[in-house]
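Have a look at the structure below before the remarks.
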Amino acid sequence: MNGFVPGQAAAREEPSLQTELNTELNTESAAALYPLLQLLGQLLNVPLVYLELVQPGSDPDSPAKGILYRDPQRIPGNEPPNPIGGSWPFQEAFPLLDEGGRPLATLHLRGERPRPLSLPERGQIDLIALSLRHILLQAQEQRQALAQLRAQLQHSRSTAARYQQIFENAVEGIFQTTPEGKYLAANPALAHIFGYESPEDLMRNVSDIGTQIYSDPEQRSEFLQHMLREGQVVDAERQVCRKDGKVIWISLNARTLYDEQGDPLYFEGFVTDITASRQLKERQQQLEEARRESEHRFLQLAENTQQLFWISTLCGKELIYVSPACETIWGLSPAEAYANPQAWMRHIHPDDRWLFPTIFQAQLQGQPTDVVFRLCRPDGCILWLRERTFPIADKEGKIYRVAGIVEDITESKQLEAERRRIEQAWQQSANHFRQIFELAPNGIALVDLQGRFIQVNEAFAQIVGHTPEELKHRQQLDILHPEDVNQLLGANEALLVGKVSVSQRQIRYINRSGQVVHVLFQATLLSDEEGQPTQFLNQVIDISARVEAEIALKESEERFRQSFEWSPIAKAMTQVDGTYLQINAAFTETLGYTLEDLKGKTVLDITHPDDIAVTLENSNRLLAGEVHHCEQEQRYIHKNGQIVYALLRITLVRTAQGDPSYFLSQILDITERKQAEAALRQSELSLRGIFEQSALGISIVDRQGRYLKVNPALEEILGYSAAELTHMSFCDLTHPEDIGKDWQLFQEVLNGQQDHYHLEKRYIHRSGKVVWCRLAVSAVRDPEGKNLFVIGICEDITEERQAKLQIQAALQEKEILLREIHHRVKNNLQIISSLLRLQADQIKSRKYARVFKDAGSRIQAMSLIHEGLYQSNNLAAVDLKQYLHNLISNLFHSYGVNPESIRASIRAEGIRLNLDDAVLCGLIINELVTNSLKYAFPKGRSGEIEVCFSQTRKYTQLRVSDNGIGLPRDFDFKETQSLGLQLVATLTDQLQGKIELRNKSGTTFIITFPRSQP
């Protein structure tokens, strides 16, 4: 850097934007000015040329700053003399002014001997001064442009600070992550959701989101594939792990950001903790399923039983409950029975009505009753009924209700009557036996002592499904059920030995169709006149229907018993004084007490003190007959001391006389529901706070787009109050050019074509200004899919869009300015190169003419750099392949080389360097290729010159080689006097690199230097 005043040399590293804005003259301008000063010194033959720069606003007494050229042959030494002070025999100064006449710099010429300047010399000075002034004006314009960029940068930083506050204070978790699963940015809300103390703690400890955050890493892989394929994820619900290991549910919204080539850079989005709402929803579903199951079981029990269950007030004045069997027994529908509870009494057989005054009197006295009577149904059918009643007493022991069970015993009565009739007929005269045998409605069979049928009547044949002729002489055992064979044989044996005179039992026959027939079987032994047994007389009554009814009744009774014992609802029977009679398993499971634990305790002993008064009041109302049942929410004290919330239903069971018998209580545990309701209320408060305090505008609209509710943030964005907005629709405030698209998307959401949409649109503020907003709209539907309302969230992005437009405009202006600078520098360097070549053509000495040509080649090498940048889309880096082709082509042309005799091979695919490194490498290649053209191929020798670039992650290597005659074996390029090789060594040092010479099979220079980012 011999041409620069000490302290003014530019740094070699890439300058930051702040350094460029504060530097009066940057490195590029200085590099362009110095060759002109050198050329002027050589043209005028003066040893010192100094360009003193004018610094606006600087101290007049401060040291001068500028660019200095000195001839080292005529002014030896490392430190240049004071270019302005001192006594010089020859001194000239030329001011350089801008278009307004303001000084830019002063050009000083110094020499050892006095002499006048000739007219051609003054013309050369004017030409070079014009170029100097042009470069200084360009540098001044660049400084002004950079100052404007600095102001714009400051504005952008202030805008970014405002958005940073929103980022830090957002309620939702906001993030930026790499596709590999590492956090680039996170706000405090996100750290809080995942259980970390701060965003820094989160980003420091989480290096792989898939394994450290997601409870199922496969979900992270699915998320990544979806983001890369679709570019966004909306309202995705995932299970994640907090720092403490707790698993929570989150709602995730994210989008993918891409670089200029369309490759994904990172993901950004926001996260909402939905654990509470998710748990509440699941619990509500469980409660609803349990309720439906309980109702289903009760309906099955009530609808499938063949007995009639009823509960009424004393003497049947009011019917509290009746089962569906009332229609088959009473001949009344449940609705008719409830409407007129005593209507069925009018159908009691007249001969049996005398029974009921006694029954009602017993019910009033609290006594159970069991009575058999006949009922004449409306359809004319007479039924025999057995009715058992039980008194229901209140807490005080007073009978206030009666429960009853009615059983249809018509068939058994008929069987009993038939049996009596047969017994009477049997006792009649033997003369009537044949008539009885044939006409008897019951089956009769005569069987010999070996078990063969002798004769059967038609009724018996119909019961077993065979004709009398088919049964004759067949074994009775052939149609008997296998399990009843031993029973029948034993009965016959007892008759034969005289143990019994009549054997009566229930057995089963196998019908011809294979169906099992249940019969009431009675056998007697017939004897001859001598008393010797001759045959068996068997009588059978088909009781299949009664047996099936009894089986159904037993099953019904068992189900009824199990409905109490195994009911999922806690049930208890208590005396009027509150002491416990019976509890089921659900009671023990709900409250923890067994029946043994409750001995000596009353209901009040396990009731919360604050609920005792209500319990006593309801019990008194039941005992007084004011109500038939009571329902209340009550708190119990669990055996372990915890509070259990329950829905209690109390019914007082009275005796037949109406006196209180006992209380029947059903206890439904609603503790979890109470907790869920409390959590829901807290959640609603939180959501209301988010709605009111959110920095984003939130609105709820109906199907016509009219505002139903808005938050304060939306009022501020639109300039209207909430009261004013409830009389408007979003179309009234939307910019006319945006209404069509917004309304179309809104209708698609309402019609179910999509669940939500996002849109950037314009609103018209109350003041008339246009407000840009980022809008997210989604529909809220009930479980059946019906639209309830539409919710919209909008963010004011007016300043963001304005800042983005300003930045884009500034970048475009900067790019145009830099292109213009490169274009002008290229033009100036080409002018200088042309001047040197013109000067070389005027010099007769080949030696000095070659010096000027070499200087012109070096300047041309720098000019090609700026030409490449001017034509490139990337102003920060030089495409070496094209540049090297142009450089070497110019050198071949300059030295008149035939490309067919000396070939050039260039390998620099994909290599790009920044401006500084490209200029230095261009000058090095210029010197080395020039040396090869000069000395490697003497006397028309053919050969090849190769220029090769390669790069690793840290280093760049330049290889320049030829297959010429090579250098002498003892040649040391570091000690040579060749200006070109000295320049190569100096330029390598400036690259902070190392140079290596290989002198085998030609000459090869290898230069390795640190790789810098273009």
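Values in this document were obtained by computation on a predicted structure and should not be read as measured data. Quick note: residue numbers are just sequence positions, from 1.
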Measuring only between side-chain heavy atoms, which start at C-beta, is [X] closer than 4.5 Å to [Y]?
| X | Y | answer |
| --- | --- | --- |
| Arg220 | Pro217 | no |
| Leu714 | Cys794 | yes |
| Phe789 | Val701 | no |
| Val790 | Leu750 | yes |
| Val777 | Leu745 | no |
| Leu725 | Leu718 | yes |
| Val770 | Ile764 | yes |
| His735 | Asp738 | yes |

Any sub-3.5 Å donor-acceptor pair from [X]'s side-chain atoms to [Y]'s backbone N or O?
| X | Y | value |
| --- | --- | --- |
| Gln148 | Ala145 | no |
| Gln632 | Arg649 | no |
| Gln666 | Leu647 | no |
| Ser699 | Val710 | no |
| Asp208 | Gly210 | yes |

Point to revise | Pairs touching residues 176-201 that satisfy salt bridge (Lys or Arg N to Asp or Glu O under 4.0 Å), sequence neighbours left out | key: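 Matches after skipping sequence neighbours: Asp201-Arg204, Asp201-Lys243.
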Review point. Got a sec, which pairs hit salt bridge (Lys or Arg N to Asp or Glu O under 4.0 Å) with one end in residues 695-712, sequence neighbours left out?
Key: Asp702-Arg706
Point to revise | side-chain hydrogen bond (donor to acceptor under 3.5 Å, both in side chains) partners for Lys741, two or more places apart | key: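 Not a single residue meets the side-chain hydrogen bond (donor to acceptor under 3.5 Å, both in side chains) criterion with Lys741.
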Review point. With sequence neighbours left out, what residues match Tyr757 under side-chain hydrogen bond (donor to acceptor under 3.5 Å, both in side chains)?
Key: Asp742
Looking at every heavy atom in both [X] and [Y], which two are closest together, and how far apart are they?
| X | Y | answer |
| --- | --- | --- |
| Ile739 | Cys731 | CD1-O, 3.6 Å |
| Thr952 | Arg1011 | O-NH1, 2.8 Å |
| Cys773 | Ile717 | SG-CG2, 3.8 Å |
| Ala236 | Val233 | CB-CG1, 3.3 Å |

Residues which pass salt bridge (charged side-chain N to carboxylate O under 4.0 Å, His left out) with [X], listed by chain and number, not counting sequence neighbours:
| X | value |
| --- | --- |
| Glu282 | Arg278 |
| Asp263 | none |
| Glu716 | none |
| Asp235 | none |

Exercise for review: Using the test ring-ring contact (aromatic ring centres under 6.0 Å, His included), find all partners of Phe267 that sit at least two apart in sequence or belong to another chain.
Suggested key: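 Only Phe223 meet the ring-ring contact (aromatic ring centres under 6.0 Å, His included) criterion with Phe267.
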Spacing of [atom1] belonging to [X] relative to [atom2] belonging to [Y], to within rounding of 0.5 Å:
| X | Y | atom1 | atom2 | answer |
| --- | --- | --- | --- | --- |
| Met227 | Leu257 | CE | CG | 8.5 Å |
| Ile793 | His756 | CD1 | NE2 | 11.5 Å |
| Thr798 | Gln802 | OG1 | CD | 6.5 Å |
| Arg238 | Gln219 | CZ | CD | 5.5 Å |
| Ile911 | Thr956 | CD1 | OG1 | 7.0 Å |
| Ser729 | Phe746 | OG | CZ | 9.0 Å |

Exercise for review: Determine, for Lys246 against Asp244, whether the closest basic-nitrogen to carboxylate-oxygen distance falls under 4.0 angstrom.
Suggested key: no
Practice item. Kindly check if the number of other-residue, nucleotide or ligand heavy atoms within 6.0 Å of CD (Glu260) is above 12? Key: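 No, CD of Glu260 has 12 or fewer neighbouring heavy atoms, counting only those of other groups under 6.0 Å.
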Practice item. Evaluate the ring planes of Trp743 and Phe730, with Trp represented by its six-membered ring, and classify them as parallel (under 30°), tilted (30 to 60°) or perpendicular (over 60°). Key: tilted
Practice item. Go through the steps for Asp755 and Arg781 under the test salt bridge (Lys or Arg N to Asp or Glu O under 4.0 Å), then give the verdict. Key: CA-CA 10 Å; Asp755 294 329; Arg781 298 181 173 91; 3.6 Å; yes
Practice item. Apply side chain to side chain donor-acceptor pair (under 3.5 Å) to Gln140 and Arg143, showing your working. Key: CA-CA 5 Å; Gln140 187 181 62; Arg143 286 197 302 274; 5.8 Å; no
Revision key, fill the gap. In short, ring-ring contact (aromatic ring centres under 6.0 Å, His included) pairs touching residues 763-785 with sequence neighbours left out are none
Check your understanding: Among all residues two or more places apart in sequence or in another chain, which pass the side chain to side chain contact (heavy atoms under 4.5 Å, CB included) test with Gln285?
Key ->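 Once residues adjacent in sequence are excluded, the partners of Gln285 under the side chain to side chain contact (heavy atoms under 4.5 Å, CB included) criterion are Lys281.
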Acceptor/donor pairs from residues 185-196 side chains to any protein atom, 3.5 angstrom cut, sequence neighbours excluded:
| from | atom 1 | to | atom 2 | distance (Å) |
| --- | --- | --- | --- | --- |
| Asn187 | OD1 | Ile174 | N | 2.8 |
| Asn187 | OD1 | Leu190 | N | 3.1 |
| Asn187 | ND2 | Phe167 | O | 3.3 |
| Asn187 | ND2 | Glu172 | O | 3.0 |

